[in-house]
Amino acid sequence: MSGISAVIISRNEESLIGQCIQSVKGLCDDVVLVDTGSIDSTVEIAKSMGARVFSKHWKGYGDAKNFGNSQALFDWILSVDADEIVSDPLKKSIVELQPMHGCVYLITPLINYAGHWVRFSGWYPKYKVRLFNRNECRWNDSLVHEDVVVPSNSKRIKLKGDLLHFSIKSHFHYIRKINRYSLLKAAKYRKNNLNPLWVKRYAGIPFAWFKSYILHFGFLDGKTGYTLAYLSMYKVKKELQYFNELKSE
């Protein structure tokens, strides 16, 4: 497949950015890296591998990704995180693809949690729009959990193969991510004058464990599944805590 740009958002991803870019070579004719303030060697590595690098002041994921799309040489965009690697089966699916206007293509990440692939717990599969035409779609402006805004009449097509997502290096790394994302989500609520649902405020914490470990078969992920179920409760707790703190300001 020709005429496709890979758009990657980065900040301090020197440990994986080389593998990320290597995985889209031979697949994408253009690699755009939008760096949002790295102080490590992310930018230097990306440039040495032929990526076109742009710097962007951080205003949220959606804003950074839309900026990256605007810098792309081609209209078809493959959105990849800097800690993701395109698997060989996924690469094969994209190479053989004949993209069509009016269609968007969904890909599921397979997340590596501290060395363990998470295949249950509600984490997999989670198909998301990752390949699309920028003239037909754009990212929303959400501070966190951004989504591609897709025309209602677009056809959604799932692609075979995974994005190998090395997003969580350790238990404590995930806790820091939870804290950061929970604050962003609480800020999103306040920005849009929304309140957490009643059921989430009064039953959300215990239900989060039940949903992750039982309903989503987290027990099949072994010890990691139990850890994720516990941390799903912690996540809801932090979201509510930050929301109440922002509301009282």
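Every value quoted in this text rests on a predicted model; they were computed, and no experiment measured them. Residue numbers count from 1 along this sequence.
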* Asked: Centroid-to-centroid, Tyr113 to Tyr174, below 6.0 Å?
  -> yes
* **More than 12 heavy atoms of other groups within 6.0 Å of Tyr226 OH** => no
* **Side-chain donor-acceptor contact under 3.5 Å, Asn135 with Asp75** => yes
* Does the side chain of Thr42 pick up a donor-acceptor pair with the side chain of Glu14 at under 3.5 Å? -> no
* Asked: Going by an N to O cut-off under 4.0 Å, is there a salt bridge joining Arg52 and Asp30?
  -> yes
* Provide the closest heavy-atom pair for Val34 versus Lys56 in the form atom of the first, atom of the second, distance. => CG1-CB, 3.6 Å
* Asked: Between the side chains of Asp221 and Ser121, does any donor sit under 3.5 Å from an acceptor?
  -> yes
* Flag if over 12 foreign heavy atoms under 6.0 Å of NZ, Lys237 -> no
* Asked: Taking the side chain as C-beta and beyond, is there a heavy-atom pair between Ile214 and Trp209 under 4.5 Å?
  -> yes
* **Minimal non-hydrogen separation, Asp83 against Ser167, with atom names** => OD2-CA, 3.3 Å
* Around Phe54, counting heavy atoms of other residues, nucleotides and ligands shown, do more than 12 lie under 6.0 Å from its CZ? -> yes
* Asked: Would the number of heavy atoms belonging to other residues, nucleotides or ligands and lying under 6.0 Å from CZ of Arg156 be above 12?
  -> no
* Check step by step if side-chain hydrogen bond (donor to acceptor under 3.5 Å, both in side chains) holds for Ser38 and Asp35. => CA-CA 7 Å; Ser38 293; Asp35 189 76; 2.4 Å; yes
* Just wondering, do Asp141 and Asn66 contact through their side chains at under 4.5 Å, heavy atoms? -> yes
* To do: Please lay out, stage by stage, how Phe120 and Trp117 fare under the test ring-ring contact (aromatic ring centres under 6.0 Å, His included).
  => CA-CA 9 Å; Phe120 299 95; Trp117 295 110; over 10 Å; no
* **Within the 6.0 Å centroid threshold, strictly below: Phe67 and Trp58** => no
* Crowding at CZ, Arg138 (>12 non-hydrogen neighbours, <6.0 Å) -> yes
* Relative to the ring of Phe219, is the ring of Phe217 parallel (under 30°), tilted (30 to 60°) or perpendicular (over 60°)? -> perpendicular
* Asked: Is it the case that Lys238 places NZ or CZ above or below the six-membered ring of Tyr242, under 6.0 angstrom from the centre and within 45 degrees of the axis?
  -> yes
* Crowding at NZ, Lys211 (>12 non-hydrogen neighbours, <6.0 Å) -> no
* Checking side-chain contact (heavy atoms from CB on, under 4.5 Å) against Leu90, which of Leu164, Leu163, Asp162 comes through? -> Leu163
* **Shortest non-hydrogen separation from Cys28 to Leu78 and the atoms involved** => SG-CD2, 3.9 Å
* Starting at CG of Leu106, measure out to CG of Leu131 and round the result to the nearest 0.5 Å. => 10.0 Å
* **Arg130/Glu84 ion pair, N-O < 4.0 Å** => yes
* Asked: Just wondering, more than 12 heavy atoms not from Lys65 lying within 6.0 Å of its NZ?
  -> yes
* Asked: Closest approach of Val118 and Trp123, non-hydrogen atoms and distance?
  -> CG1-CB, 3.7 Å
